[in-house]
Amino acid sequence: MNHSAWWHGGTIYHAYVRSFQDSDGDGSGDIQGLTNRLGYLQWLGIDGLWLSPTMPSPNHDWGYDVSDYLGVQPDLGTLDAMDRLISAARERRIRVMLDLVANHTSNEHPWFVESRSSDTSPYRDYYVWAPPKADGSLPNNWVDDTGDPAWTWDEKAGQYFLHNFLPEQPDLNWWNPAVHAEFDAIMDFWFDRGISGFRIDVANGLYKDAQLRDNPAHERAYIYDTEVQGRYGLQHVYNFNQPEVHEVYRNWRRRAEKRPETPLLLGETWVARVDELAPYYGDNDELQLGFNFPFIFAPFEAPALARVVSESLSQFPAGACPVWAGSNHDLPRMASRWAGGDSRKARLAQTLLATLPGTFVVYYGDEIGMTDSDIPAHLHRDPLTADGKNGQWPRDNARAAMRWDRTDQGGFTAGTPWLPLPDDDSVNVADQREDPLSMLTLTRSLIALRREAFAGSVAEYREIEVSDTRWSYMSGPLTVVANFSDEPQPLSLTGGRTLSSRTVHDTPETLTALGPWEAVVRYCGHSAAASGTTAEQQR
Ligand code: GLC
Ligand code: MG
């Protein structure tokens, strides 16, 4: 068991590369721009940097439709630029992770071009092809992420191909061992270049039911009052979460463990319940981290959040490391979604995410409290959600360019930004760096605190109190008390150092009250955190 993994108690920054920093004035963030901002990321205190997709792509889904797994998208940079980023980051003790799209490719990938060309092509079986049913109807009732049928007829092949996302993103056929071999080689290529891990896209996908059975109808599938699955009236029983996927992760994990510094496999495990998430950790021999969507989708209420935390810690295998995030490029940002634009709530959320045991993932801009933009429809760039098709929320709203300063272009570009900058120019890095009470100062202080307190371990978690208005817990040497209400609450914390989501700074005097939507963290010295505690001990 690896107790010294860098992500244990660590912080990973999720950079949506195209929106982070432009270096060449074309309006798109790029790898050189990111490299130029490494000083900022080091100052912030992160351990890992996950880049949204960087591989060549026709961009029907902004890089999530890959046409070459061994290259770099030209408007983001070159392989040389990527190499330079990896080594410059390493000098600052920041590990770079890439996004790996293994569930599907672009329809422009040479494998797919070959696959549709003839039924004797060795690539035919790389994808999921099916004939119509005897009555001429679609192979089954599956729908894609936009709610349209998941099958598209291909004239050339004379068959339907499967796509769980856009028709430009044909699903790979993981029943074919050749596909496994391709991805082993792709991962080796990047590990050899110094990549420290992958965020695995659609990690609960990959395999589909061998018989392509119809999915059962389900009006809505709710979890903690949030609809996660069952969109469009179907449950994802046969097109996601197939048992065979676990052997893929056992294989990837075995291969990762053979490397001198074990790379991190962080799955986009898009499932509704903790009991569906836990299996992706396997017997601690599959993914080292799986995003906790039950937590992300929980309402911003103490009982719901605390419940996911305790369920996670009791259901994950011994030695497993949880991971906590509040935002990503597919969802409304937490400052809007959870906090409804109330900065007290966003700061409270950040404090919780940063003090729970395990890994903390910060989506770019959340450290300055970015809220969703309201990008006018004619400027939308995301084909998957543009036009609000089937009620989809426009993902562009969470992908606006980073504001580095107050200037018109926000320090992001010398050109025209590919998506408009957020309207509120006061939410910017330059101003917040100078402000001892800013969200940025809070986030940086939290990251520094967790580094010190967790010291490279998965802290022991103990729930102290949960009510409708209050959540308090211990996380290693940290005691956290959070007020989930509009009223002040009494507080008795003595000794140690404290950090408040409202005032940030250590307050040496005994705090006697907790403001509305405030969390206070107390740190008591160098205790238990130093040794690697396990989920076993957490029970
Ligand atoms: C994942 C990505 C999302 C993408 C989809 C298809 O959910 O996070 O952005 O559209 O996979 O690749
Ligand atoms: Mg650029």
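Computed over heavy atoms, backbone and side chain alike; hydrogens, waters and symmetry mates excluded.
- Using bins of under 30°, 30° to 60° and over 60° for the plane-to-plane angle, the ring pair F20/Y40 lands in the tilted bin.
- Salt bridge absent: E367 and R444 never bring a charged side-chain N and a carboxylate O closer than 4.0 Å.
- Using a 4.5 Å heavy-atom threshold, the side chains of W270 and E276 count as separate.
- Annotation: side-chain hydrogen bond (donor to acceptor under 3.5 Å, both in side chains) contacts of T269 (sequence neighbours excluded): none.
- Taking 4.5 Å as the limit, every side-chain heavy atom of H505 sits out of range of all side-chain heavy atoms of L499.
- Taking the ring pair (Phe, Tyr, Trp, His ring centres under 6.0 Å) definition, one finds that Y364 meets it with nothing, sequence neighbours left out.
- Proximity of L449 to V521: side-chain heavy atoms (C-beta onward) are separated by under 4.5 Å at one or more points.
- Salt bridge present: E268 and R199 bring a charged side-chain N and a carboxylate O closer than 4.0 Å.
- For D24, the CG atom sits in a packed shell: over 12 heavy atoms of surrounding residues, nucleotides or ligands are nearer than 6.0 Å.
- A side-chain N or O of N292 and one of S312 form a donor-acceptor pair less than 3.5 Å apart.
- The aromatic rings of F240 and H236 are tilted relative to each other, their planes meeting at an angle between 30° and 60°.
- Electrostatic pairing of D425 and R406 counts as a salt bridge here, judged by a charged N lying under 4.0 Å from a carboxylate O.
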